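The model shown is predicted, which means the values in this text are computed figures rather than measured ones.
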Amino acid sequence: MIPDAVFQQTLLGFLAPVARFLDDESVSEVMINGPDEIFIERGGKIEETDARFPSEHALESAVRNIAQFVGRVIDVDRPILDARLPDGSRVCAIMAPASRRGMTVSIRRFPKNRLTVEQLMKYGSLSENSKMFLESCVLVKRNIVVAGGTGSGKTSMLNALSSFIPSDERIVIIEDSSEVQLQQPHAVYLESRPPNAKGQGAVTIRDLLRATLRLRPDRIVVGECRGGEALDLIQAMTSGHGGSLSTVHATYPHDTLHRLETLCLMSEVELPLSALRGQIASAVNIIVQTSRMNDGSRKITHIAETTGLSEGGQYELQILYEWKQTGSDSKTGKVKGVLGWTGKRPTFFDEVVSKDLPIPPEMRAK
Ligand SMILES: Nc1ncnc2c1ncn2[C@@H]1O[C@H](COP(=O)(O)OP(=O)(O)O)[C@@H](O)[C@H]1O
Ligand SMILES: [Mg+2]
């Protein structure tokens with residue numbers, strides 16, 4: 001076996017023109033739109049770079065070499081490569097003619113150090129009080145879905161929230177590509193896999209989720225729900241696996257529930273919509289909505305609790321915390337505002353009190 005470090009060096013060799021970015025902790029993404037147009041994301045902002053590949057041919061060879069190294073193929077019949085490098089970084093490449101301008105590559109660097117709750121607070125993504133509240137939500141085993149757009153900080157938030165899980169619990173983490181990294185000692189990491197060149201050997205999130213139920217998990221963390229696995233997760237959440245966590249791509253708390261519904265319908269399990277809604281409403285207890293602001297910062301915009309279904313079969317939510325923007329700094333452009341309590345208490349407030357868990361002072365006082 002080739003040691004990972006050597007492997008990584010070889011891969012960096014293929015990607016020599018952008019190797020300096022792949023070595024740079026402050027860079028989160030390298031985006032190659034053909035040989036002459038290379039952007040990076042740093043601190044949430046996209047910058048164009050002067051890096052270049054010598055030619056389209058050189059870029060294509062680099063991607064083919066990477067594919068070969070990780071045991072995959074990219075060619076006219078299989079023009080999309082989604083591969084993980086030994087250091088956890090993820091490479092997605094799409095070749096012509098599927099990509100109009102030729103080889104397009106995006107490399108998501110795997111952060112060696114995940115953002116902690118303290119760092120997220122320092123960045124203003126959540127407040128001291130909302131942190132206390134979320135900690136209690138995790139401790140009383142509410143199911144939590146973190147929702148937001150691409151790059152809004154969902155995975156980072158999921159990772160941070162997972163740090164509240166008590167260290168004596170057995171946690172199973174299921175992902176498409178490893179991003180979540182926990183401090184707890186008893187964590188099992190599972191990763192899905194696309195089919196090989198012969199179309200065999202695929203392991204889906206659903207396969208892993210079903211197998212996980214037999215692994216005696218105390219908590220299930222699903223990195224991201226993007227398809228039919230949403231139904232399996234919802235069913236796990238309502239059948240004794242409270243305290244599960246996941247992320248979903250959606251913009252507002254209500255959308256999040258509707259998005260989950262759509263994903264569940266992708267599962268090919270026939271279920272009347274009213275029954276499905278009932279399950280989603282009782283499965284998802286807390287929605288943490290994240291957003292990428294104009295200044296590149298990521299914030300929690302809402303913390304909402306699902307309270308059930310209305311008589312008409314619509315989801316009912318109560319917003320517990322909400323971000324209110326008060327302005328922006330005229331010099332730096334930084335947005336200003338607060339993630340404030342709305343005055344509503346969660347339905348499980350008494351449980352939080354009786355267990356003597358962290359309670360934001362504002363909630364206690366009233
Ligand atoms: N609260 C935050 N403040 C600053 N940067 C953040 C914050 N949350 C995430 N990031 C950075 O933004 C990028 C995308 O975050 P990620 O959690 O992967 O988003 P998503 O899962 O929504 O796509 C990463 O580089 C991450 O380090
Ligand atoms: Mg993510």
Side-chain angles (χ1 to χ4, degrees), residues 1-112 150-151 155 175-179 191-205 223-224 226-227 249:
M1 270 238 339
I2 312 169
D4 274 1
V6 175
F7 209 70
Q8 190 71 23
Q9 277 313 312
T10 314
L11 287 168
L12 284 182
F14 296 148
L15 293 167
V18 295
R20 62 188 147 124
F21 306 127
L22 299 175
D23 253 345
D24 183 344
E25 272 294 310
S26 69
V27 171
S28 49
E29 188 115 14
V30 179
M31 293 152 276
I32 306 169
N33 308 339
D36 304 322
E37 202 179 288
I38 302 177
F39 292 85
I40 56 170
E41 185 188 64
R42 181 180 270 150
K45 285 238 190 291
I46 292 182
E47 309 166 12
E48 184 159 11
T49 70
D50 56 9
R52 300 281 180 266
F53 277 83
S55 63
E56 175 73 23
H57 180 73
L59 175 57
E60 275 190 28
S61 316
V63 173
R64 287 218 170 84
N65 283 335
I66 292 171
Q68 197 177 19
F69 243 73
V70 297
R72 305 274 275 285
V73 185
I74 180 161
D75 59 20
V76 184
D77 297 326
R78 284 151 295 190
I80 300 175
L81 172 75
D82 192 1
R84 193 162 63 87
L85 306 185
D87 74 339
S89 301
R90 199 165 76 189
V91 178
C92 180
I94 307 183
M95 62 183 276
S99 161
R100 198 172 77 186
R101 285 171 50 187
M103 189 65 86
T104 298
V105 187
S106 177
I107 306 169
R108 171 74 75 100
R109 282 192 69 250
F110 185 73
K112 295 206 171 51
T150 305
T155 305
E175 297 176 279
D176 270 331
S177 65
S178 293
E179 288 189 284
E191 198 179 56
S192 65
R193 207 176 65 179
N196 64 15
K198 294 193 191 103
Q200 301 156 335
V203 180
T204 65
I205 297 271
E224 185 170 351
R226 299 178 223 240
H249 191 282

Worked verdict on Ile66 versus Leu15 for side-chain contact (heavy atoms from CB on, under 4.5 Å): CA-CA 9 Å; Ile66 292 171; Leu15 293 167; 3.7 Å; yes
Going from CD on Glu175 to CD on Glu179, what distance comes out if it is rounded to the nearest 0.5 angstrom? 6.0 Å
Considering only heavy atoms from C-beta outward, does the side chain of His249 approach that of Arg226 to under 4.5 Å? no
Rounded to the nearest 0.5 Å, the OG1 atom of Thr104 sits from the CG atom of Asn33 at a distance of 6.0 Å
Of the non-hydrogen atoms in Gly102 and Ala96, which two are nearest, and what is the gap between them? CA-CB, 3.9 Å
Determine, for Arg20 against Asp23, whether the closest basic-nitrogen to carboxylate-oxygen distance falls under 4.0 angstrom. no
Test of understanding: with side chain to side chain contact (heavy atoms under 4.5 Å, CB included), list the residues that count as partners of Ala19, not counting sequence neighbours. Leu12
In short, Leu22 meets Arg109 closest at the heavy-atom pair O-NE, 2.8 Å
Could you please spell out the steps behind the side-chain contact (heavy atoms from CB on, under 4.5 Å) verdict for Glu47 and Arg42? CA-CA 7 Å; Glu47 309 166 12; Arg42 181 180 270 150; 3.5 Å; yes
Spacing of CG belonging to Asp36 relative to CZ belonging to Arg101, to within rounding of 0.5 Å: 9.5 Å
If you look at every heavy atom in Ile74 and Ala67, which pair is closest and at what distance? CG2-CB, 4.0 Å
Are the side chains of Met95 and Arg64 in contact, using a 4.5 Å heavy-atom criterion? yes
So how far is it from Asn65 CG to Thr10 OG1, rounded to the nearest 0.5 Å? 10.5 Å
Does Glu29 reach the side chain of Ile46, with side-chain heavy atoms less than 4.5 Å apart? no
Please report the closest heavy-atom contact between Ala58 and Pro54, naming both atoms and the distance. CB-CD, 3.8 Å
Provide the full list of side-chain hydrogen bond (donor to acceptor under 3.5 Å, both in side chains) pairs with a residue in residues 80-91, sequence neighbours left out, each pair given once. Gln8-Asp87, Arg84-Glu191, Asp87-Ser89, Arg90-Ser177
Heavy-atom distance under 4.5 Å between the side chains of Arg72 and Leu81, does that happen here? yes
Rounded distance [0.5 Å steps], OG in Ser61 versus CZ in Phe53: 10.0 Å
Between Ile205 and Ser192, is there a side-chain heavy-atom distance shorter than 4.5 Å? yes
Gap between atom OG1 of Thr155 and atom CD of Glu224 - 0.5 Å precision: 6.5 Å
Identify the heavy atoms of Pro79 and Val76 that sit nearest to each other, and give their distance. CD-O, 3.7 Å
Starting from the C-alpha separation in whole Å, work towards a yes-or-no answer on side-chain contact (heavy atoms from CB on, under 4.5 Å) for Ile107 and Phe21. CA-CA 10 Å; Ile107 306 169; Phe21 306 127; over 6 Å; no
Do NZ/NE/NH1/NH2 and the carboxylate oxygens of Arg108 and Asp176 come within less than 4.0 Å? no
Using side-chain heavy atoms (C-beta onward) and a distance below 4.5 Å, is Leu85 in contact with Phe110? no
Side chain to side chain, Leu59 and Val105, heavy atoms closer than 4.5 Å: yes
Looking only at heavy atoms, the pair that brings Phe69 and Phe14 closest together is CD1-CE1, 3.7 Å
Is there a side-chain contact between Val30 and Thr49 in this structure, where contact means two heavy atoms from C-beta onward sitting under 4.5 Å apart? no
Salt bridge Glu37-Arg52, side-chain N to carboxylate O under 4.0 Å: no
